[in-house]
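Below is one structure, written out as structure tokens; comments come after it.
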Amino acid sequence: MVLTQSVLDASSTMLERLPTSIVESESVACKRVALEIADLIRKRQAENKLVVLGLATGNTPIKIYQELVRLHKDENLSFSNVVTFNLDEYYPMSKSSVLSYYYFMHHHLFSHIDIPEEHINIPNGEVPKENISEFCKTYEDKINAYGGLDVQILGIGRTGHVGFNEPGSHMESVTRLVKLHPITIMDATREFSREELVPRRAITMGIKSIMKAKKVYLLAWGEKKAGIMQQAVEGPITEEIPATFLQNHKNVETLIDGDAARELTRIKRPWVVSVVNWDEQKAKNAVIWLSQKLERPILKITDEDYRKNGLGDLLAYGGDSQSLNVEVFNAVQHTITGWPGGKPHTDDTNRPERATPARKRVVIFSPHPDDDVISMGGTFLKLVEQGHDVHVAYQTSGNVAVHDDDARRFAEFAKEFASDLKSSNDLFANKYDEVLSDLENKKEGEPDSLLVRQIKGLIRRGEAASGARFVGLNDDHIHFLDLPFYETGKAVKGVPGEGDVNITKDLLLKVRPHQVYVAGDLRDPHGTHKVCFDVVLDTLKELRTEPWISDCWLWMYRGAWHEWPVDEIEMAVPLSPLDLKKKRLAIFKHQSQKDSPVFPGNDSREFWQRAEDRNRATARLYDSLGLVEYEAIEAFVRYPFLSSEAE
């Protein structure tokens with residue numbers, strides 16, 4: 001599933017208006033940028049000159065800063081001749097807040113290098129409102145006094161913003177106070193825990209300030225940035241997507257990983273921009289694309305349709321439209337199965353799963369305590385109903401995603417329950433008072449206390465167990481892993497490590513599964529899905545010498561945020577109206593996530609509504625291609641985690 005492309009002919013990038021490199025990984029790209037900055041610093045030191053860097057915050061540049069710190073500590077790179085200007089800061093925002101960009105920059109870079117304090121420039125979120133205009137002018141003048149920026153590092157927001165230059169920003173904009181876009185506010189909830197805590201304004205450098213930089217790096221990682229990167233790289237210059245202004249910069253370099261490149265034409269529809277070496281998968285992609293473009297079932301596409309839409313050479317590969325259509329139609333049809341664990345005593349040549357063993361051992365990994373039923377609740381039900389030995393593993397406690405009111409309500413219940421039993425009442429009363437004190441005295445950006453996290457975790461645990469029991473599991477098949485990386489008490493999590501892998505390994509060695517289901521929903525706004533996926537993958541790779549591992553298949557599902565493209569789906573499990581109703585009832589067991597969850601994302605629908613709409617939309621896609629009409633479909637992609645599979 002990882003997309004890489006290192007050598008490209010000119011035609012394949014003809015639609016790209018920004019010079020764009022698809023890199024092997026985020027780490028490789030960040031190291032390269034850091035080394036180029038280090039080379040410039042050393043060159044200017046030899047000339048006794050300063051280097052002026054424009055710096056960004058957020059997850060995107062963190063590994064650049066980590067590499068610069070390493071170069072300072074291990075290779076004696078000095079920052080004594082470096083002057084920095086940060087892009088932006090929330091307003092209002094105290095420098096002492098752990099949520100400030102002032103804190104971010106010192107935490108990730110400045111406190112670890114020898115840069116003079118007077119060389120550090122960050123917009124001041126504490127400046128009185130009546131002095132903001134003067135502050136912004138002074139900030140802009142100071143950049144100009146240094147001759148502008150030598151290098152500017154940029155990430156990109158889902159609105160297309162660079163810095164906090166939101167849609168509507170114009171080419172001549174300079175440092176100023178701005179209002180944040182609702183999507184930007186929603187995305188910032190990841191750091192602030194609750195949307196209402198996110199500042200509505202920020203101080204930002206302007207487009208004009210950025211465009212004066214001598215060199216600009218625009219960076220993007222992950223699939224959630226794929227859509228906006230396609231618009232920024234291939235779309236017209238427009239104030240609605242401020243990153244497109246960079247198309248006019250004389251020295252900009254765009255570095256993105258394979259996931260962020262998924263929507264680029266050269267990746268998604270290469271036949272539009274270059275000659276394609278056709279194979280079965282590319283042919284399938286192109287035929288489905290043409291069917292959707294024409295709004296016509298696959299079996300009704302003609303030779304003329306192929307030629308008119310630039311796919312004449314595909315006919316040469318496939319022979320003629322009829323042969324090609326039938327081949328692709330059959331390939332899509334063969335993804336459909338009502339037996340996600342394989343249908344026993346049946347020829348499985350054209351089925352997505354093996355017929356044997358008839359009763360499979362299955363582990364469903366759920367990053368949060370509700371992803372199992374939201375993402376694959378119908379398939380979960382079928383696996384249990386069809387007699388497979390199904391285990392569910394909730395990888396994290398999910399305690400961050402519980403409202404404080406719910407924690408207080410459950411603490412009150414525990415206190416009153418103990419009082420009615422006339423046992424340990426003083427203990428429960430003291431604990432209740434402690435919970436109230438912790439909740440009332442918690443400062444902005446501060447994590448919940450351990451006691452509050454325990455209560456919130458118990459709430460999620462009870463809901464998850466209730467949902468799994470509704471599906472049909474016994475308690476000994478319900479596992480709560482509580483992976484350590486998650487337990488920071490904040491939306492921003494720790495780095496996964498050996499402890500996370502060992503916990504996962506213990507479960508897999510106990511079950512020895514034939515099937516593993518894991519979340520492949522990498523647009524999850526808080527990033528937990530990606531971390532949990534990597535933990536499972538790392539564990540499976542460590543277990544590759546186990547006798548059972550060669551017979552273990554890894555299936556990826558997606559959740560409330562988006563679905564697999566139809567040309568990538570390898571197993572499609574149809575759901576009847578009754579299946580969909582049962583799935584909804586399983587989701588309803590998660591009461592703390594109903595109505596108004598803590599992390600709703602940029603979608604106002606409830607999770608059960610998103611899931612049903614997504615499943616129905618997938619069924620409509622299959623119907624539009626000419627397949628049987630179903631009420632809903634859950635979709636899966638198989639991940640080749642063993643080297644032999646990958647080859």
Side-chain angles (χ1 to χ4, degrees), residues 1-26 28-29 32-33 60 154-156 158 160 162 216-238 241 243-249 251-294 305-318 324 328 520 522-523 562 564-569 637 646:
M1 299 302 298
V2 178
L3 303 171
T4 57
Q5 191 167 343
S6 54
V7 181
L8 299 159
D9 58 44
S11 64
S12 69
T13 59
M14 67 181 185
L15 296 182
E16 297 177 13
R17 306 178 186 202
L18 278 174
T20 302
S21 299
I22 303 173
V23 296
E24 179 183 344
S25 69
E26 171 188 353
V28 169
R32 173 184 153 190
V33 172
T60 301
L154 295 175
I156 183 171
R158 289 193 301 126
V162 286
V216 173
Y217 292 100
L218 177 62
L219 313 171
W221 326 123
E223 193 174 341
K224 64 184 177 183
K225 297 294 180 70
I228 195 62
M229 283 309 305
Q230 184 274 328
Q231 296 177 69
V233 171
E234 297 182 354
I237 295 174
T238 170
I241 303 177
T244 58
F245 286 122
L246 294 171
Q247 294 174 16
N248 283 332
H249 196 282
N251 189 17
V252 60
E253 187 172 2
T254 306
L255 300 173
I256 59 179
D257 64 6
D259 288 326
R262 291 175 68 92
E263 295 296 321
L264 294 183
T265 300
R266 61 164 135 150
I267 299 298
K268 191 171 185 178
R269 299 183 299 277
W271 51 86
V272 173
V273 292
S274 64
V275 176
V276 174
N277 294 321
W278 294 104
D279 55 28
E280 288 184 12
Q281 184 59 48
K282 290 189 180 73
K284 179 183 176 183
N285 297 351
V287 173
I288 290 174
W289 168 79
L290 183 57
S291 172
Q292 292 176 315
K293 180 181 179 182
L294 299 174
D305 292 327
Y306 281 98
R307 295 192 184 100
K308 281 185 176 180
N309 289 278
L311 289 171
D313 60 329
L314 179 54
L315 289 177
Y317 166 81
L324 191 57
V328 173
L522 308 185
R523 293 185 190 178
H562 72 321
W564 298 106
V566 67
D567 54 290
E568 293 183 25
I569 294 171
V637 170

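Start at 1 with the first residue, then count along the sequence. Below, all heavy atoms of this structure are taken into account, side chains as well, without hydrogens, waters or symmetry copies.
- Among D305, L290, L324, V272, the single residue meeting the side-chain contact (heavy atoms from CB on, under 4.5 Å) criterion with L311 is L290.
- To the nearest 0.5 angstrom, E234 atom CD is 3.5 Å from T265 atom OG1.
- Nearest heavy atoms, A232 versus L18: O-CD1, 3.6 Å.
- Closest non-hydrogen pair, V162 versus A243, comes out as CG1-CB, 4.0 Å.
- To the nearest 0.5 angstrom, I228 atom CD1 is 4.5 Å from I241 atom CD1.
- In terms of modelled atom types and a separation under 3.5 Å, the side chain of W221 and the main chain of T60 share a donor-acceptor contact.
- Here the side chain of T238 pairs no donor or acceptor atom with the backbone of P236 at under 3.5 angstrom.
- Between S25 and D257 there is no side-chain heavy-atom pair separated by less than 4.5 Å.
- To the nearest 0.5 Å, atoms CG (D259) and CD1 (I22) are separated by 11.0 Å.
- L314 places a side-chain heavy atom less than 4.5 Å from the side chain of V287.
- Side-chain atoms of R17 never come within 3.5 Å of backbone atoms of V233 as a donor-acceptor pair (strictly under, hydrogens ignored).
- Rounding to the nearest 0.5 angstrom, the gap separating the CG atom in N248 from the CD1 atom in I237 is 3.5 Å.
- Within 6.0 Å of CG on N277 lie no more than 12 heavy atoms contributed by other residues, nucleotides or ligands.
- The closest donor-acceptor contact from the side chain of Q281 to the backbone of D567 lies under 3.5 Å.
- The closest donor-acceptor contact from the side chain of Q231 to the backbone of T244 lies at 3.5 Å or more, if one exists at all.
- L246 approaches L218 most closely through the heavy-atom pair CD1-CD2, 4.0 Å.
- Taking CG of L154 as the reference point, atom CG of L219 lies at 8.0 Å (rounded to 0.5 Å).
- Counting only heavy atoms from C-beta outward, the side chains of H249 and N251 approach each other to under 4.5 Å.
- Shortest non-hydrogen contact noted between Y317 and A283 is CE2-CB, 3.9 Å.
- No side-chain donor-acceptor contact under 3.5 Å links W289 and N309.
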| task | Start with the C-alpha gap between V273 and E16, add the side-chain angles, then the distance that decides, and say whether side chain to side chain contact (heavy atoms under 4.5 Å, CB included) holds. | result | CA-CA 10 Å; V273 292; E16 297 177 13; over 6 Å; no
| Between W271 and D313, does a side chain to side chain donor-acceptor pair (under 3.5 Å) hold up when you go through it step by step? | CA-CA 9 Å; W271 51 86; D313 60 329; over 6 Å; no
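- The structure places CD of Q230 at 12.0 Å from CZ of R266, a figure rounded to the nearest 0.5 Å.
- Residues M229 and T254 approach most closely at CE-CG2, 3.6 Å, considering heavy atoms.
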